[in-house]
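Since the structure comes first, as structure tokens, the remarks are kept for the end.
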Amino acid sequence: MFGKLTTGDIVQDPLTLIVVIGMIGGAIAVVAGLTYFKKWGYLWREWLTSVDHKKIGIMYIVFSLVMLLRGFADGIMMRTQQAMAIGESQGFMDAHHFDQIFSAHGTIMIIFVAMPFLFGLMNLVIPQQIGARDVAFPLLNNISLWLTTAGGALMMISLALGEFSNTGWTGLAPLFGLEYNPYVGVDYWMWSFQLAGIGSTLGGVNFIVTILKMRAPGMKLMKMPIFTWTSFTANVLVVLTFPVITIALLMLTMDRYLGMHFFTNDLGGNMMQWNNLFWMWGHPEVYIVVLPSFGVFSEVVAAFSKKRIFGYTSLVYATGVIMFLSALVWLHHFYTMANNPSVNVFFSITTMAIAIPTGVKIFNWLFTMYKGKISFATPMYWTMGFLVLFVLGGMTGVLLSIPPADFMVHNSAFLVAHFHNTLIPGALFGYLAGFSYWFPKAMGFRLNEKWGKLSFWGWAVGFVLAFMPLYATGFMGMPRRLAHLNNPDWTPYMYIALVGACIIGLGIFAMLVQLFLSVKDRKKNMDVTGDSWGYGRTLEWHTSSPPADYNFAIIPTVKEIDDFNRMKEEGIAFKQPEKYFPIVMPKNRPHGAIIGVLTIVFGFAMVWHIWWLAIVSFVGIIGTVVAIGFDDDSEYVIPAEEVKRIEDERFAKIREAMAQKTNNE
């Protein structure tokens with residue numbers, strides 16, 4: 001009845017058991033709190049079933065931050081193990097457990113931290129930046145969130161029941177095949193990855209349609225904000241490349257469940273085919289998470305330099321070139337597979353070429369800051385840290401693009417340093433810059449600046465100490481993914497890396513303190529005007545903070561790239577419209593939440609071969625999708641009188657704030 005699942009599959013490792021007990025205890029506390037304060041109805045009506053892009057964005061980011069804590073815990077466990085396990089000391093975990101830890105860490109950070117954070121920021125910002133009231137397909141947006149959450153839930157369940165994959169976040173043929181991995185670890189990885197990937201694909205389609213079809217009147221393509229442009233190119237890559245990994249995972253599913261041989265070592269299988277398929281998705285994925293971050297930096301630099309972005313057109317074209325080239329370089333991940341020289345030369349040249357449009361962007365940002373009246377708020381701290389650290393990662397990428405050099409450091413700790421040197425400053429710093437920059441827009445109050453800057457310094461200093469030593473050990477011949485070190489010369493570097501990881505932990509702690517204090521002092525830091533920093537240039541700063549359900553009472557007509565800045569210069573930014581009209585908005589709907597829960601059940605049932613439960617849940621998913629087609633009650637109308645009431649309250653507060661500012665001056 002329960003397939004392969006038995007009581008013996010409950011986690012036995014003492015350390016993991018403590019974590020699981022803490023996780024269950026936390027879940028019980030949350031359930032008890034919601035029950036005690038009678039918030040279940042509010043949570044269901046206002047959040048879990050919401051199709052409001054802003055609330056979905058907030059939920060994406062909350063999910064991402066929760067998974068960041070789990071992923072960081074895995075990372076610091078790896079660093080601790082490598083610092084301890086030298087000579088006769090075996091550290092505090094065996095090699096099999098270590099393999100699961102680094103596999104989970106990579107999967108979480110890419111699929112369940114970077115991607116949800118990315119979609120969270122896009123949901124919060126893009127409809128407002130382009131003058132829209134919501135995304136093109138609001139319910140699909142909610143379903144995308146729930147599919148990603150379902151994948152994350154399977155990841156967390158693997159802590160308590162069974163184990164996780166031991167083949168790395170990239171997978172490894174034929175090790176992930178049934179012959180070498182008959183237990184459930186690979187299945188957990190495969191299904192969590194697959195579900196989240198489908199959610200991302202649906203999200204990509206949604207945002208492409210939103211950007212192409214829902215821009216405000218007058219907003220031509222070359223008047224779109226840079227963040228919208230970079231998000232658009234990222235979503236084009238999502239739609240083009242995520243189906244590749246979806247099919248690759250489906251082929252692996254058939255290998256494991258139906259006895260096929262796509263990636264086996266015999267019977268017609270081809271192990272290297274997995275590498276080609278994975279990295280056809282995997283390398284564009286790096287740019288999927290980095291390009292929107294570049295857009296964040298562009299918005300932040302322009303706003304806090306109080307200048308229009310330098311070289312807007314060149315930035316747009318550089319973004320397009322990066323998008324195009326990122327899909328042509330996948331094979332540089334395995335130069336050592338014995339390709340002929342002409343193949344390696346092609347992929348080497350295309351890899352080097354990416355540095356050119358990336359360099360264009362760096363100079364655009366620097367020239368924007370040149371002679372600008374820069375305000376060094378927390379978002380600018382993250383931006384300046386990115387400019388310094390990302391360039392180092394880019395230079396090591398150019399080095400690795402050369403096949404002979406790559407041969408020397410292939411599969412070494414140098415690769416680990418390079419990968420983190422691009423993704424942490426290049427993607428995560430951008431997301432955290434966007435988080436602090438747009439937080440007051442989403443929540444209506446500013447974050448604590450002091451603790452935000454402390455968080456930055458924890459991340460920046462900790463990053464340097466955690467990963468720069470790995471460049472050295474890579475040159476010294478240290479392979480990556482080592483659970484036990486056999487060379488004492490590497491150990492001092494591992495101590496430094498552990499200290500760096502702990503300092504990053506302090507940065508994360510500072511971020512949590514920042515959130516706590518900001519919520520506590522929210523009344524002191526309320527944003528009344530909607531232009532939270534006073535330097536807003538694009539349309540999202542034209543709405544209230546937090547925005548009304550409809551975003552814009554009257555859809556603006558765009559005349560320039562930084563159209564809100566134009567409105568401020570012309571003195572019409574905070575001028576109240578004379579007349580309002582009824583607004584049609586999408587209703588909250590339960591289908592996404594139902595699909596999410598059923599998908600978790602389906603994934604769990606497939607992992608453990610509980611076939612009856614898999615069939616029941618799959619039928620439930622299909623039935624819910626069919627029910628969506630019969631649900632015609634999907635919209636409601638906000639009367640013009642209600643819109644006027646909301647806007648009257650908003651403009652009254654704006655007038656009061658401006659009068660107070662004038663008196664203070």
Is there side-chain contact between [X] and [Y], with at least one heavy-atom pair below 4.5 Å?
| X | Y | result |
| --- | --- | --- |
| L48 | W146 | yes |
| M59 | T149 | no |
| P586 | D134 | yes |
| T49 | N142 | no |
| K523 | F445 | no |
| L237 | S326 | yes |
| L539 | M567 | yes |
| Y580 | E642 | no |

Side chain of [X], backbone of [Y]: donor and acceptor closer than 3.5 Å?
| X | Y | result |
| --- | --- | --- |
| D531 | G536 | yes |
| T368 | F310 | yes |
| N141 | V51 | no |
| S50 | D52 | yes |
| S455 | W451 | no |
| E299 | I226 | yes |
| S293 | G426 | yes |
| Q514 | N448 | yes |
| D563 | E560 | yes |
| R133 | F552 | yes |

When rounded to the nearest 0.5 angstrom, what distance separates [atom1] in [X] from [atom2] in [Y]?
| X | Y | atom1 | atom2 | value |
| --- | --- | --- | --- | --- |
| H591 | L598 | NE2 | CG | 12.0 Å |
| Q129 | M224 | CD | CE | 9.5 Å |
| K587 | D633 | NZ | CG | 3.0 Å |
| S192 | I157 | OG | CD1 | 10.5 Å |
| L69 | F72 | CG | CZ | 9.0 Å |
| K653 | D648 | NZ | CG | 12.5 Å |

**Q.** Option from W169, F112, F242, W281 for which ring-ring contact (aromatic ring centres under 6.0 Å, His included) with F193 holds
**A.** W281
Q.
Could you walk me through whether K441 and S545 satisfy the side chain to side chain donor-acceptor pair (under 3.5 Å) test, starting with their C-alpha distance in whole Å, then the side-chain angles of each, then the deciding distance to 0.1 Å, before giving a yes or no?
A. CA-CA 5 Å; K441 172 55 58 178; S545 297; 3.2 Å; yes
Q: Quick one: do M222 and Y312 satisfy side-chain contact (heavy atoms from CB on, under 4.5 Å)? Show the steps, please.
A: CA-CA 9 Å; M222 293 307 290; Y312 171 89; 3.9 Å; yes
Centroid separation [X] to [Y] less than 6.0 Å:
| X | Y | answer |
| --- | --- | --- |
| F602 | W191 | yes |
| F390 | F294 | yes |
| Y437 | W382 | no |
| W459 | F386 | no |

Which heavy-atom pair separates [X] from [Y] by the least distance, and what is that distance?
| X | Y | answer |
| --- | --- | --- |
| A318 | V360 | CB-CG1, 4.2 Å |
| K579 | I554 | O-CD1, 3.7 Å |
| A427 | V290 | CB-CG2, 4.3 Å |
| I595 | T599 | O-OG1, 2.5 Å |
| T529 | R650 | O-NH2, 3.5 Å |
| A234 | I288 | CB-O, 3.6 Å |

Around atom [atom1] of [X], are there more than 12 heavy atoms of other residues, nucleotides or ligands at under 6.0 Å?
| X | atom1 | value |
| --- | --- | --- |
| E656 | CD | no |
| Y636 | OH | yes |
| F324 | CZ | no |
| F618 | CZ | no |
| K39 | NZ | no |

Q: Apply side-chain contact (heavy atoms from CB on, under 4.5 Å) to the pair F232 and V316, showing each step before the final yes or no.
A: CA-CA 11 Å; F232 175 73; V316 171; over 6 Å; no
Q | Side-chain H-bond candidate by donor/acceptor type, W541 with S532, under 3.5 Å | A | no
Q: Consider only side-chain N and O atoms of S298 and K361, and report whether a donor and an acceptor are under 3.5 Å apart.
A: no
Q. So, are R645 and E641 salt-bridged, with charged N and O less than 4.0 Å apart?
A. no
Q) For the side chain to side chain contact (heavy atoms under 4.5 Å, CB included) test, which of I211, L315, L221 pairs with W229? A) L221
Q.
Pair T148, Y60 - check side-chain contact (heavy atoms from CB on, under 4.5 Å), show working.
A. CA-CA 9 Å; T148 302; Y60 262 123; 4.2 Å; yes
Q: For the pair L423 and M109, evaluate side-chain contact (heavy atoms from CB on, under 4.5 Å) and give the outcome as yes or no after the intermediate values.
A: CA-CA 10 Å; L423 282 184; M109 289 302 194; over 6 Å; no
Q. With F117, which residues qualify under ring-ring contact (aromatic ring centres under 6.0 Å, His included), at least two apart?
A. Y431
Q: Might you work through the ring-ring contact (aromatic ring centres under 6.0 Å, His included) test for W533 and F304, ending with a clear yes or no?
A: CA-CA 9 Å; W533 300 94; F304 289 98; 5.2 Å; yes
